[in-house]
Number of protein chains: 4
Amino acid sequence: MSNQRQESKAAARSRAQKERILAAAQACFVESGFHGASMATIAETAEMSPGLIYRYFDSKNAIILEIIERQLTVARRRIRELHCSQNLSSRIFEYFEEKEPREKDSINHALYLEISAQATRDPQIAEALQRYDAAVCSELGGWLSHGRAEGGCGLSGETVPVRALMLLSLIEGLKLRGSREPDLDRRLLQDALDEMVNLLVTPAE
Amino acid sequence: MSNQRQESKAAARSRAQKERILAAAQACFVESGFHGASMATIAETAEMSPGLIYRYFDSKNAIILEIIERQLTVARRRIRELHCSQNLSSRIFEYFEEKEPREKDSINHALYLEISAQATRDPQIAEALQRYDAAVCSELGGWLSHGRAEGGCGLSGETVPVRALMLLSLIEGLKLRGSREPDLDRRLLQDALDEMVNLLVTPAE
Amino acid sequence: MSNQRQESKAAARSRAQKERILAAAQACFVESGFHGASMATIAETAEMSPGLIYRYFDSKNAIILEIIERQLTVARRRIRELHCSQNLSSRIFEYFEEKEPREKDSINHALYLEISAQATRDPQIAEALQRYDAAVCSELGGWLSHGRAEGGCGLSGETVPVRALMLLSLIEGLKLRGSREPDLDRRLLQDALDEMVNLLVTPAE
Amino acid sequence: MSNQRQESKAAARSRAQKERILAAAQACFVESGFHGASMATIAETAEMSPGLIYRYFDSKNAIILEIIERQLTVARRRIRELHCSQNLSSRIFEYFEEKEPREKDSINHALYLEISAQATRDPQIAEALQRYDAAVCSELGGWLSHGRAEGGCGLSGETVPVRALMLLSLIEGLKLRGSREPDLDRRLLQDALDEMVNLLVTPAE
DNA sequence: CATGAATGAGGATTCATTCAT
DNA sequence: GATGAATGAATCCTCATTCAT
């Protein structure tokens, strides 16, 4: 049992180390992109030696993949939380706002772009992104189609995938725009979202 | 005159070479990203020696900047053409469709992502993107605000920037989506766009 | 303490490596000049990989500058030692003789030429050379002006800078000559120096 | 005859072209050193195409060699002219002054350094320099040993080579110094030279 | 003769990865 | 486990030289 406890201690340490590396890597990638961030910089940020990183990850690419996976998981959760709200548009607004872009739970837009660009080349990443897309769409679709009584929107089957697609595209388009126009008028944005979301969430007459 | 003709011949060749290089570079960048594509590969693609490229461009970065400038110019023109149409949504659809992504006149979505990602780091590129954004927004805004008699949409001043923002975000969101889900259901897309665009283009009651 | 000892060990190794690189670089520069010596050759001479050099020096130019600085420091010390001697001319003779041009403490004339040539273009090097010149001149001047009782030459204020300039020019001229006429008659040289130095060191009547 | 005249015309043109190239090359070498000056820059300075240079010279190195040869020839002539003067020290002063360093007939000190440095590596250049040295020394020696009646200095056989060596070394040392300390006090220099030259030119008692 | 476009080998530098300690 | 020195392949870029026109 002591042995076991030791092992689990070791495992915990291992997990903590991986975490440190991923956090450092994410920070560096946000700052400089996947290519621009060197292993040396990541190691320095993680306050460890470059060599040690290779005890926890096979290669730089493995780190990138893990970070992508995580970002998509976070994104999926964030989207899922959206529809719990009565007030979708302000939730989207918050989602889009991104107070502290480096905390573990946030989606970083710059990174998201990097990931999307990478996906056009790396099929592994492309696949991960598609899994994510599918999950998000079905999630959103479920919500749109559920009756209002159950907290849904009561859209009819036909319109659901259409609306889900639009909603997602809009959200992503806004993210993209927001990440390169940081001083976009927030009020304007909120108003626009209110209107749009209302339209999308209301069953067509 | 012979001199002049010769000169113009040389200038023509020079332009043609630049074009060759840009085309090759664009192809490589699409394939491997700005970083991933090496000058050697670009040279090989352009069927010339690496050294020759430097007769026409100061550096790899100069090529990247030129390609970005061109992409944005094309994108701007494409957006401008959109509103000439009676049927906006199907034009957006075509815009989004992008049959042959390497022809000179087309916007390449992978490249667009690459550019956006790069913009988060390179202020020069960020500025170019913002110029582009401003131009496109005002273009679209003009069209939305003009009276229907003049081919516009007759939206009132308040709503114009809001709608323009939404429209653009939607378009870009769809582009992004389309570039990673190439087998997205086209009919679904067309239907969704029809509905959305109608909503966005109609004055609020 | 073990930590401290380890650290000092690492620091020692680091210093040793820098030394290795500088020695190799100096040998290569003497052989082929600053331009002619490639980093690859220097690395090979230092028996290490080219990449490793950059752990210790920022650039090839940084190495060049360091070597120049060192050469000038050595040269300054050598000049300073000259005037401690009763027999200046034979010290100059030794100075000029330079048995083993690659040992750390020696001035290499070929390198000195390279440095001087480089100084006509690189203001940083020019400045270093001028600092060196000023130091040497004042050093020599002090000695010339001090009373004989203190081991000086007792020259009056007026003549001091004139004589210092001549003495230095003569020494440098001889170095230059010696570096390209290695089989210059040593006896001839010694005689000439004896006479010249005597003249220069004696107060004008 | 017409043929001959044509040929000689052609030969003249050829000589003129070579001259142009050498002049341009010298200007470039002075500005940037042998290595720093590119064939392209030389061609531009000579107002011709890079390719044309190769009709007149085998290689860049051939140009360098020719320029060195010329510089030494000029230097030899300049030294020879020195002793025609009654007032040697002021002639040396002029020699050292170098008003317009790019005119064909002048010695350029920066170039001289470049040449000397190159000589430590290239035996061909080293030999040329030694030929030059020998010529200059014998020239100077002749003058020193000739009777005063014949415009010489009347030095006795023994001291001649010694004095010649010193004189030359001094002159070269001053050149070196002057080329890196352009704002050296001219009056100081003149005074120093006066004194030194007098000493060197006067027979030992 | 003359041009200048084209070549390609070579140079400085970077960085993911390995390995002796 | 941990270090960080070491490697060497790969990258961007330059420039002497050639050759089709």
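Excluded from the calculations below are hydrogen atoms, water molecules and symmetry mates; all remaining heavy atoms, backbone and side chain alike, are included. Proteins get letters first, then strands, A, B, ... in listed order; numbering begins at 1 in each.
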Pairs of donor and acceptor atoms involving the side chains of residues 120-127 of chain A, under 3.5 Å and at least two apart or interchain, shall be tabulated with distances.
| from | atom 1 | to | atom 2 | distance (Å) |
| --- | --- | --- | --- | --- |
| A:Thr120 | OG1 | A:Ala117 | O | 2.6 |
| A:Arg121 | NH1 | A:Gln118 | OE1 | 3.4 |
| A:Arg121 | NH2 | B:Glu114 | OE1 | 2.2 |
| A:Asp122 | OD1 | A:Gln124 | N | 2.8 |
| A:Asp122 | OD1 | A:Ile125 | N | 3.4 |
| A:Glu127 | OE2 | A:Arg131 | NH1 | 2.9 |

Approximate separation, where rounding is to 0.5 Å, of C:Arg20 CZ and C:Leu52 CG
9.5 Å

Which is true for A:Tyr56 with a 4.0 Å heavy-atom rule: it touches a base, it touches only sugar-phosphate, or it touches nothing?
sugar-phosphate

CD (B:Gln71) and CD1 (B:Ile115) are apart, to the nearest 0.5 Å, by 5.5 Å

Expressed as a whole number of angstroms, how long is the span from A:Glu47:CD to F:dA2:P?
14 Å

Non-neighbouring partners of A:Tyr56 that pass ring-ring contact (aromatic ring centres under 6.0 Å, His included), sequence neighbours left out
none

Return all side-chain donor-acceptor pairs below 3.5 angstrom for residues 57-68 of chain A, not counting sequence neighbours, or 'none' if the list is empty.
| from | atom 1 | to | atom 2 | distance (Å) |
| --- | --- | --- | --- | --- |
| A:Ser59 | OG | A:Asn61 | N | 3.3 |
| A:Ser59 | OG | A:Ala62 | N | 3.2 |
| A:Lys60 | NZ | A:Phe34 | O | 3.0 |
| A:Lys60 | NZ | A:Ala37 | O | 2.7 |

All salt bridge (Lys or Arg N to Asp or Glu O under 4.0 Å) counterparts of A:Glu44, not counting sequence neighbours:
none

Answer yes or no: is there an ion pair linking D:Glu19 with D:Arg13, defined by an N-O contact shorter than 4.0 Å?
no

Nearest-angstrom distance from the residue atom CE of B:Met48 to P of F:dC13:
16 Å

Round to a whole Å and report the spacing from CD1 of C:Ile53 to C1' of E:dT14.
14 Å

Kindly give the heavy-atom pair with the smallest separation between B:Ala119 and B:Leu129, and that separation in Å.
CB-CD1, 3.4 Å

Any idea which of F:dA6, E:dA2, F:dG4 is nearest the A:Ser49 side chain?
F:dG4

Indicate whether OP1 or OP2 belonging to F:dA2 is found under 4.0 Å from a side-chain N or O atom of A:Arg13.
yes

Separation of atom NZ in A:Lys9 from atom C1' in F:dG1, rounded to whole Å
15 Å

Measure the distance from CD1 on A:Ile42 to C1' on E:dC15 and round it to the nearest whole Å.
11 Å

Tell me the interatomic distance from C:Arg55, atom CZ, to E:dT13, atom C1', rounded to whole angstroms.
15 Å

Watson-Crick and G-U pairing of DNA chain E, under 3.5 Å, as dot-bracket with | and [ ]:
.||||||||||||||||||||

Side-chain atoms of D:Gln17 come closest, of E:dA5, E:dA2, E:dA6, to E:dA2

Could you state the atom-to-atom distance from CZ of B:Phe57 to C1' of F:dC12 in whole Å?
16 Å

I need a per-nucleotide contact map over nucleotides 16-21 of chain E, read 5' to 3'. Cutoff is protein heavy atoms under 4.0 Å; write B for the base, S for backbone only, - otherwise.
SBB---

Euclidean distance, atom CD of residue D:Glu44 to atom P of E:dA5 [Å, nearest integer]:
13 Å

Main-chain N/O of D:Thr41 paired to D:Thr45 side chain as donor or acceptor, under 3.5 Å
yes

